[in-house]
Asker: 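Take a look at the following structure, please.
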Protein chains: 2
Amino acid sequence: MSVPVRLLLADDEHLIRGALAALLSLEDDLLVVAEAASGPEALAMARAHEPDVAVLDLQMPGADGVRVATSLRTELPGCRVLIVTGHGRPGHLKRALAAGVRGFVPKTVSAQRLAEIIRTVHAGNRYVDPELAADAISAGDSPLTAREAEVLELAADGAPVAEIAERAALSPGTVRNYLSSAVTKLGAENRHAAVRLARERGWV
Amino acid sequence: MSVPVRLLLADDEHLIRGALAALLSLEDDLLVVAEAASGPEALAMARAHEPDVAVLDLQMPGADGVRVATSLRTELPGCRVLIVTGHGRPGHLKRALAAGVRGFVPKTVSAQRLAEIIRTVHAGNRYVDPELAADAISAGDSPLTAREAEVLELAADGAPVAEIAERAALSPGTVRNYLSSAVTKLGAENRHAAVRLARERGWV
DNA sequence: CGCTCGGCATGACAAATGTCAGAGCCGGTC
DNA sequence: GACCGGCTCTGACATTTGTCATGCCGAGCG
């Protein structure tokens with residue numbers, strides 16, 4: 001291990017990021033070369049420092065971890081991405097994997113464990129937290145079509161049908177049909193419960 | 001500073017808790033004597049170790065930081081409580097202060113800053129993050145009556161009126177009246193938007 | 001004591017929503 | 001070419017909501 005693994009850390013919580021940087025620096029084969037507090041900043045830092053592994057929080061202002069990962073995939077193909085998250089929803093894991101992310105772990109792991117996982121990812125292997133993987137498998141795929149998901153998302157903040165229709169450039173009747181079918185597919189009581197369910201499963 | 005400040009750290013995210021413990025231990029006047037990953041565990045640890053300052057995450061399984069603080073207030077009056085939170089809602093701050101919490105800070109502060117704040121709190125002073133305080137003041141008090149808030153809370157998961165009525169032991173008509181008045185008071189489009197608003201302001 | 005306010009309820013009406021049947025268009029697949 | 005599934009729309013209907021007027025009761029207050 002003569003050449004250390006160069007890391008980018010991105011998390012909007014300064015406390016966590018700083019603490020993490022300090023802990024990971026204790027490992028002598030790991031080197032934190034850049035830190036960022038938002039999605040765009042993470043991208044800029046990655047371009048500037050070209051790290052070996054990017055450790056990204058899933059929830060960040062600007063652009064979430066998965067979006068950053070997508071951009072990195074094309075801009076810096078050599079940079080492996082590891083996503084760290086507080087509350088992992090099954091759908092997020094799926095989206096992350098589709099975006100070429102190499103690792104996905106909850107924040108409940110210890111720093112020691114995280115260091116090992118970073119090495120695993122750097123070596124070209126993948127690592128997914130077993131519990132999250134189990135959740136993702138049991139939750140299965142989203143039964144929603146693209147439009148249904150889109151409309152459901154627009155319905156998320158409690159907007160009336162008319163507003164959703166306008167924002168989606170659809171007729172109100174169509175919106176109601178999509179919502180109805182989404183609600184049926186999810187087995188929910190009404191659209192709002194459906195939104196909640198889809199959220200929980202990471203389908204929106 | 002011959003006698004160090006004895007700390008209890010409680011956060012369900014092992015990564016953060018461990019990292020924090022490591023960083024705070026670097027300060028030679030601070031000593032982490034206990035750690036916990038949940039509300040009940042935090043209480044048990046506090047009883048066992050009687051720390052000078054308890055640093056609690058707001059969101060924890062079992063019982064949130066404010067509830068733990070309430071219990072500590074009576075059981076260990078000498079133990080100061082400092083709440084740390086990811087996304088601080090105005091209402092939470094108010095509830096926390098009412099529970100006798102001495103400090104309230106977002107996770108965006110640096111560890112250095114946190115250490116200073118721990119000393120401030122230990123010295124018997126209070127510390128509230130200026131930005132959160134400003135939010136709380138501008139958000140003001142909840143205009144909702146106890147019943148309105150209760151009904152709104154039951155409406156949170158998208159349940160129909162009939163179910164809310166049953167769970168609150170009220171007539172459906174009354175429930176609709178309360179919801180209606182809550183929606184009006186909050187200036188929302190409908191009950192679901194009202195729930196969202198009330199959530200954002202920490203009024204539920 | 002009378003007033004006001006909050007809690008609780010009913011009934012009635014208008015508006016929004018959920019549900020269903022049908023129908024045309026497109027891009028795949030067998 | 002026939003068939004299927006997803007996307008889009010319309011129209012009609014039942015149900016659920018939001019809103020309002022109105023009433024009763026009890027607690028607190030001037």
Side-chain angles (χ1 to χ4, degrees), chain A residues 91 94-95 98 139-204, chain B residues 91 94-95 98 139-204:
Chain A
K94 217 176 151 46
R95 278 199 303 137
D141 266 6
S142 169
L144 305 176
T145 68
R147 287 293 166 185
E148 284 163 357
E150 184 189 339
V151 170
L152 200 56
E153 198 157 4
L154 287 172
D157 50 359
V161 170
E163 194 182 317
I164 301 172
E166 199 183 351
R167 293 211 282 174
L170 288 175
S171 103
T174 307
V175 169
R176 283 196 288 170
N177 285 340
Y178 282 152
L179 285 176
S180 184
S181 88
V183 166
T184 308
K185 282 178 178 175
L186 297 178
E189 292 273 332
N190 54 44
R191 67 161 97 172
H192 306 287
V195 166
R196 210 169 38 79
L197 279 175
R199 274 266 159 75
E200 275 171 19
R201 299 183 184 162
W203 290 339
V204 293
Chain B
K94 217 176 153 41
R95 277 199 304 137
D141 266 5
S142 169
L144 305 176
T145 66
R147 287 292 166 183
E148 283 163 358
E150 184 189 339
V151 170
L152 201 54
E153 199 157 2
L154 288 172
D157 49 0
V161 170
E163 193 181 316
I164 302 173
E166 200 182 350
R167 293 211 283 173
L170 288 175
S171 103
T174 308
V175 169
R176 286 197 289 175
N177 285 339
Y178 283 152
L179 285 176
S180 185
S181 88
V183 165
T184 308
K185 282 177 178 175
L186 297 178
E189 292 273 331
N190 53 45
R191 66 162 96 174
H192 306 285
V195 166
R196 211 171 36 80
L197 278 175
R199 275 266 159 76
E200 275 172 19
R201 300 183 186 163
W203 290 341
V204 293

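What you see below is based on every heavy atom in this structure, not just the backbone, and it leaves out hydrogens, waters and symmetry mates. Lettering follows sequence order; numbering is per chain, from 1.
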Asker: Ignoring hydrogens and angles, tell me if any N or O in the side chain of B/Thr184 forms a donor-acceptor pair with the backbone of B/Ser180 under 3.5 Å.
Answerer: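 Yes; at least one donor-acceptor contact below 3.5 Å.
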
Asker: Flag yes if more than 12 heavy atoms outside A/Arg199 fall under 6.0 Å of its CZ atom; otherwise flag no.
Answerer: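 Counting neighbours around CZ of A/Arg199, 12 or fewer heavy atoms of other residues, nucleotides or ligands fall under 6.0 Å, so no.
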
Asker: Among D/dT19, C/dC8, C/dG18, which nucleotide sits nearest the side chain of B/Tyr178?
Answerer: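 Out of D/dT19, C/dC8, C/dG18, the nucleotide with an atom closest to B/Tyr178's side chain is C/dC8.
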
Asker: For residues B/Ala165 and B/Ser171, report the shortest heavy-atom separation together with the two atoms involved.
Answerer: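 So the two residues come closest at CB-C, 4.1 Å.
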
Asker: Please report the distance, rounded to the nearest Å, between CG in B/Leu179 and C1' in D/dC20.
Answerer: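 Rounded to the whole Å, the gap is 15 Å.
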
Asker: How close do A/Leu186 and A/Ala198 get, heavy atom to heavy atom, and via which atoms?
Answerer: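 Minimum heavy-atom separation between A/Leu186 and A/Ala198: CD1-CB, 4.2 Å.
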
Asker: If I take atom NE2 from residue B/His192 and atom CZ from residue A/Arg196, how far apart are they, to the nearest 0.5 angstrom?
Answerer: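 Answer rounded to 0.5 Å: 11.5 Å.
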
Asker: Find the distance between NZ (B/Lys94) and CZ (B/Arg201) and round it off to the nearest 0.5 Å.
Answerer: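 If I round to the nearest 0.5 Å, the distance is 15.0 Å.
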
Asker: Looking only at side-chain atoms of B/Ser180, point me to the closest of D/dT19, D/dC7, C/dT17.
Answerer: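 The nucleotide sitting nearest to the side chain is D/dT19.
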
Asker: Once hydrogens and angles are ignored, does a donor-acceptor distance under 3.5 Å link the base of D/dC20 to the side chain of B/Asn177?
Answerer: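 Looking at the base of D/dC20, it does pair with a donor or acceptor on the side chain of B/Asn177 (distance under 3.5 Å).
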
Asker: Where the side chain of A/Arg176 is defined as all heavy atoms beyond and including C-beta, which of C/dA9, C/dG6, C/dG18 is the nearest nucleotide?
Answerer: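 Nearest nucleotide to the side chain: C/dG18.
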
Asker: Looking only at side-chain N and O atoms, does B/Thr145 come under 4.0 Å of OP1 or OP2 in C/dG7?
Answerer: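 For C/dG7, OP1/OP2 do have a side-chain N/O of B/Thr145 under 4.0 Å.
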
Asker: Rounded to 10°, tell me the angle between the two end axes of the helix from C/dC1-D/dG30 to C/dC30-D/dG1, each built from five pairs.
Answerer: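 It works out to 30° between the end axes.
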
Asker: Just how far, in rounded Å, is C1' of D/dT15 from CD of A/Glu189?
Answerer: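 The distance from CD of A/Glu189 to C1' of D/dT15 comes to 13 Å, rounded to the nearest Å.
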
Asker: Take a 6.0 Å sphere around CD of A/Glu200 and say whether it holds more than 12 heavy atoms from other residues, nucleotides or ligands.
Answerer: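 Result for CD/A/Glu200: enclosed.
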
Asker: A/Arg191 has an atom CZ; how far is it from atom C1' of C/dT19, in whole Å?
Answerer: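 Atom-to-atom, A/Arg191 to C/dT19, this comes out as 13 Å.
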
Asker: Under 3.5 Å, is there an N or O donor on one side and an acceptor on the other linking the side chain of B/Arg147 and the base of C/dG7?
Answerer: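 Under the 3.5 Å cut-off, the side chain and the base do not form any donor-acceptor pair.
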
Asker: Give, ordered by number, those residues of residues 149-171 of chain A having at least one heavy-atom distance below 4.0 Å to an atom of DNA chain C; if nothing qualifies, reply none.
Answerer: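 Output list: A/Pro160, A/Val161.
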
Asker: Within the structure, does a side-chain N or O atom of B/Thr174 lie under 4.0 Å from either OP1 or OP2 of C/dA9?
Answerer: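 Indeed, a polar side-chain atom of B/Thr174 lies that close.
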
Asker: Hey, can you pull the donor-acceptor pairs under 3.5 Å for the side chains in residues 148-157 of chain B, sequence neighbours left out?
Answerer:
{"residue": "B/Glu148", "atom": "OE1", "partner": "B/Thr145", "partner atom": "N", "Å": "2.9"}
{"residue": "B/Glu148", "atom": "OE1", "partner": "B/Thr145", "partner atom": "OG1", "Å": "3.4"}
{"residue": "B/Glu148", "atom": "OE1", "partner": "B/Lys185", "partner atom": "NZ", "Å": "2.8"}
{"residue": "B/Glu148", "atom": "OE2", "partner": "B/Ser181", "partner atom": "OG", "Å": "2.5"}
{"residue": "B/Glu148", "atom": "OE2", "partner": "B/Lys185", "partner atom": "NZ", "Å": "3.1"}
{"residue": "B/Glu150", "atom": "OE1", "partner": "B/Arg147", "partner atom": "NH1", "Å": "3.1"}

Asker: For DNA chain C, whose closest nucleotide is more 5', that of B/Glu148 or that of B/Asn190?
Answerer: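 The residue whose closest nucleotide sits nearer the 5' end is B/Glu148.
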
Asker: Would you name the heavy atoms of A/Val183 and A/Asn190 that are closest together and state the gap between them?
Answerer: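 The pair with the smallest heavy-atom distance is CG2-C, 3.7 Å.
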
